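Written out below as structure tokens is the structure these notes cover.
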Number of protein chains: 4
Amino acid sequence: MTGQLRADAKRNRDQILAAARELMVNQGAGVPMEEIARHAGVGVGTLYRRFPDRVALLRALSVHTIENMTELARTALRTEPDAWTGLSRFVRECVALRLGALRSIVDPELHTALRQSDELRSARTELLRIVEQMIEAAQRDGSMRTDVGVVDVAMLVSLHLKRPFDVPGTTPVDMDARLTQLMLDGLRPCAATPLPGSPTTLADVNWDADR
Amino acid sequence: MTGQLRADAKRNRDQILAAARELMVNQGAGVPMEEIARHAGVGVGTLYRRFPDRVALLRALSVHTIENMTELARTALRTEPDAWTGLSRFVRECVALRLGALRSIVDPELHTALRQSDELRSARTELLRIVEQMIEAAQRDGSMRTDVGVVDVAMLVSLHLKRPFDVPGTTPVDMDARLTQLMLDGLRPCAATPLPGSPTTLADVNWDADR
Amino acid sequence: MTGQLRADAKRNRDQILAAARELMVNQGAGVPMEEIARHAGVGVGTLYRRFPDRVALLRALSVHTIENMTELARTALRTEPDAWTGLSRFVRECVALRLGALRSIVDPELHTALRQSDELRSARTELLRIVEQMIEAAQRDGSMRTDVGVVDVAMLVSLHLKRPFDVPGTTPVDMDARLTQLMLDGLRPCAATPLPGSPTTLADVNWDADR
Amino acid sequence: MTGQLRADAKRNRDQILAAARELMVNQGAGVPMEEIARHAGVGVGTLYRRFPDRVALLRALSVHTIENMTELARTALRTEPDAWTGLSRFVRECVALRLGALRSIVDPELHTALRQSDELRSARTELLRIVEQMIEAAQRDGSMRTDVGVVDVAMLVSLHLKRPFDVPGTTPVDMDARLTQLMLDGLRPCAATPLPGSPTTLADVNWDADR
DNA sequence: CATGAATGAGACTTCATTCAT
DNA sequence: TATGAATGAAGTCTCATTCAT
């Protein structure tokens, strides 16, 4: 899709995306477009040429993010000895890289607008498919409780993407790791308390983990 | 503290707080002050007379929220047969009522400004003290893993205050309940994997769970 | 006019005027009405009962000021050995007391509104009459140039009412005194250069020295 | 400094300055920014792009004004036969053109803010230097009293920049001229009465005559 | 195509004035 | 009658988006 861009145009596009990611992750999705442009070293006009409005920019960012996560999942699945270890690693990496920190977007308008992208939807499905594989494998070999599904895991991860407040007495990194571990332990069969409802299947999902 | 207000002024103040809570919980902390005023049925001027700026409003809202949570914690502690049951109930209620949904504030400036309120700080400490009691009791009778502290629990709850996206196949209420249960199961001793770092003590905490 | 006020009402009125004078002289005529009320120790409502709007307040202040100046002029005329000395003293006192510092009002709307007060006009005329007496006497005995009239003097004084900027190397008081002296020396016959136009007579004057 | 602006941007900038000068001279420094923009034929946004806030605008205006005055002083010094004539002409021109009428700024906040501009300070010093030359020359050849310095003259001129009230019986122009002449006559040696304090030297001056 | 200037709607806040208590 | 609460118009400033260069 970006293949037919001229070399410099491509470079611009990438710089814009990088700047947008950095600024939005740190300051929320509301950063002035002009500031994004400045950080990217281009004029606003150029930004708007590439991304007609803020939503388009967010969409591109989200797709990019999901593709990164997919890559992480694939690698974890291929590299780790068993499914549970792979899943754990994937979850830890997602949280650590805070690849979904754009989650801080709350504006429901943006929310709605984002959902409507086909590109986004298919990237997401692709990701979910792989994670579901890991989950099912882990459940088969008894290392994961069987009353949870991809959607549960996805929601959990998405909750943990929020940057934690600085708490005196711990480093943010430690805090992150502790919370993630607690979440993973909750997915083990051992302490499993029955859950209300039933796990959602991948089929009818519309997951927004990216935000 | 608000006792010396005239009857009508008090009524206005309450309406403003109610409107602000509702709008901020749903649309984020950025709702136009004017819209808050309109929903409360007063002029902007009135809003500003009561709360000199957005931060003051948020502060009042936060204190109110925390006081509600404290009340819930007290009741749970008093009513339930054992500490773990009490803690679970408290956590479920917090999440269900989404009493801390203001958490959606991301703007770091607001964040910082809020921390500086003594009133807020003491309300928070009060709440933490009670929760810590429950935790310690539960740990003593072996129903809770011993490598976690109030701060861990607080952070966990705060993560779960984010309103989950609507997921096809489950109701939001069910989703909420599932995620909360998973979190609680992670706090049980049975599946406990060692955590990095160590639990923070109440003493040096500065917790912002309310937002 | 204020005679029929109840004792406490009179006290309120005076406190308001005093507060208004102080605040307006220091911060300009734009001080919030509420601040004036607060300084006077009354509610805004009371202020507005006494003075229907800002202009009314200014008018009262101006009349008061002019009456003070008139008193100064009378005393100088009566006490000093000769007219020129009396006039000099009067001018110096006006500047020193900055009795007209309200002059800082620039808003033309206020300006116009103020002119329309009969009370003000007659107080002003009264003052000008006395000053004119001093001028004419001084001119008769040769201590003052004869090509200037009350209006010239009035305008000069009014110019000098502006609080001078702080200048390093001199005290404001000294600066004031120097400038006033230079002005007075310019009124002496000795260095007199012919002036364009002719001195305006008291008759058709509408002088706003009070501001 | 404004050389690198695009042609249209430069035109806008100039129109804004012109509009601001006109409006501020007549109505005080408080004119709504929006009105300035309207008069300049641009949107508010444009105004704010050029001048981030009111103070920046005033600063630019002041620098411009001072530069004009400096030009006048230079010409007077070069053209007139003797120093006193040059100084008189310069003073008359300043008053007539009311080149410093922005003096009507009273708001102490603006005042303070303005002082902090280096550009302004150096423009001012440049002007004072030339005026000081004229003064010293005039004093050397005996046409000016020797107990006054630049600062005295500067303060005097600054006082006379206030637009005089319309007085029946004289034209404003005549009135201006009369008052200016009186001021000049006061600077002559003949009638000189001793002044309190001593003239401030240029070295430690921080003069704000421009406003 | 890139740039950055211009626009103008809209958010925030202040205050003069009115009015309920 | 005094108070101070409420109102809302008005002013300041910001920023998404369009458009001339």
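Values below: all heavy atoms of this structure, side chains included; hydrogens, waters and symmetry mates excluded. Just so it is clear, the structure is predicted and the values come from calculations on it, not from any experiment.
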| field | Those residues that, when tested against Asp14(A), pass salt bridge (charged side-chain N to carboxylate O under 4.0 Å, His left out) (two or more places apart) | value | Lys10(A)
| query | Starting at CD1 of Ile36(B) and ending at C1' of dC12(E), how long is that distance when rounded to a whole Å? | reply | 12 Å
| field | Inter- and intrachain pairs under salt bridge (charged side-chain N to carboxylate O under 4.0 Å, His left out), touching residues 36-46 of chain D, at least two apart | value | none
| DNA chain F: 5'-proximal contact among Gly30(D) and Leu47(C) (nearest heavy atom) | Leu47(C)
| field | Worked verdict on Asn12(C) versus Gln15(C) for side-chain contact (heavy atoms from CB on, under 4.5 Å) | value | CA-CA 5 Å; Asn12(C) 275 347; Gln15(C) 283 169 341; 3.7 Å; yes
| request: Ignoring backbone atoms, establish whether Arg50(A) has a side-chain N or O less than 4.0 Å from OP1 or OP2 of dA2(E). | output: yes
| field | SB check Arg121(D) Asp118(D) (cutoff 4.0 Å) | value | yes
| message | Measuring only between side-chain heavy atoms, which start at C-beta, is Met33(B) closer than 4.5 Å to Phe51(B)? | response | no
| Interatomic distance, Phe51(D) CZ vs dA6(E) C1' [rounded to whole Å] | 15 Å
| note | Residues at least two apart in sequence or cross-chain that pass salt bridge (charged side-chain N to carboxylate O under 4.0 Å, His left out) with Glu22(C), listed by chain then number, are none
| said: Pick the closest DNA chain E nucleotide for Val42(A) and for Val31(C) by heavy atoms, then say which residue is nearer the 5' end. | reply: Val42(A)
| message | What is the distance, to the nearest angstrom, from the CZ atom on Arg13(B) to the C1' atom on dG4(F)? | response | 17 Å
| Which dot-bracket string fits DNA chain F when only Watson-Crick or G-U wobble pairs with both atom distances under 3.5 Å count, crossing pairs get [ ], and | stands for a partner on a different strand? | .||||||||||||||||||||
| query | Hey, mind stepping through Arg11(D) and Asp8(D) against side-chain contact (heavy atoms from CB on, under 4.5 Å) and telling me if it holds? | reply | CA-CA 5 Å; Arg11(D) 194 173 54 250; Asp8(D) 56 341; 3.7 Å; yes
| Does a side-chain N or O from Asn12(C) land closer than 4.0 Å to OP1 or OP2 of dA2(F), or not? | yes
Are there any protein N/O atoms within less than 3.5 Å of an N/O atom in nucleotides 17-19 of chain E, and if so, which ones and at what distance?
from, atom 1, to, atom 2, distance (Å)
dT17(E), OP2, Tyr48(C), OH, 3.1

| Given dT3(E), is OP1 or OP2 found less than 4.0 Å from the side-chain N or O atoms of Thr46(A)? | yes
| request: Could you tell me which non-hydrogen atom of Leu17(D) sits nearest to which non-hydrogen atom of Ala60(D), and how far apart they are? | output: CD2-CB, 4.0 Å
| Separation of Asp8(B) atom CG from dT3(F) atom P, in whole Å? | 17 Å
| said: From NZ of Lys10(A) over to P of dA2(E), roughly how many Å is that when rounded to an integer? | reply: 14 Å
| field | Contacts of type salt bridge (charged side-chain N to carboxylate O under 4.0 Å, His left out), residue Arg49(B), not counting sequence neighbours | value | Glu34(C)
| task | Round to the nearest Å and state the distance from Arg38(C) atom CZ to dT3(F) atom P. | result | 14 Å
| request: Establish, with yes or no, whether the OP1 or OP2 oxygen of dG4(E) is under 4.0 angstrom from a side-chain nitrogen or oxygen of Arg49(D). | output: no
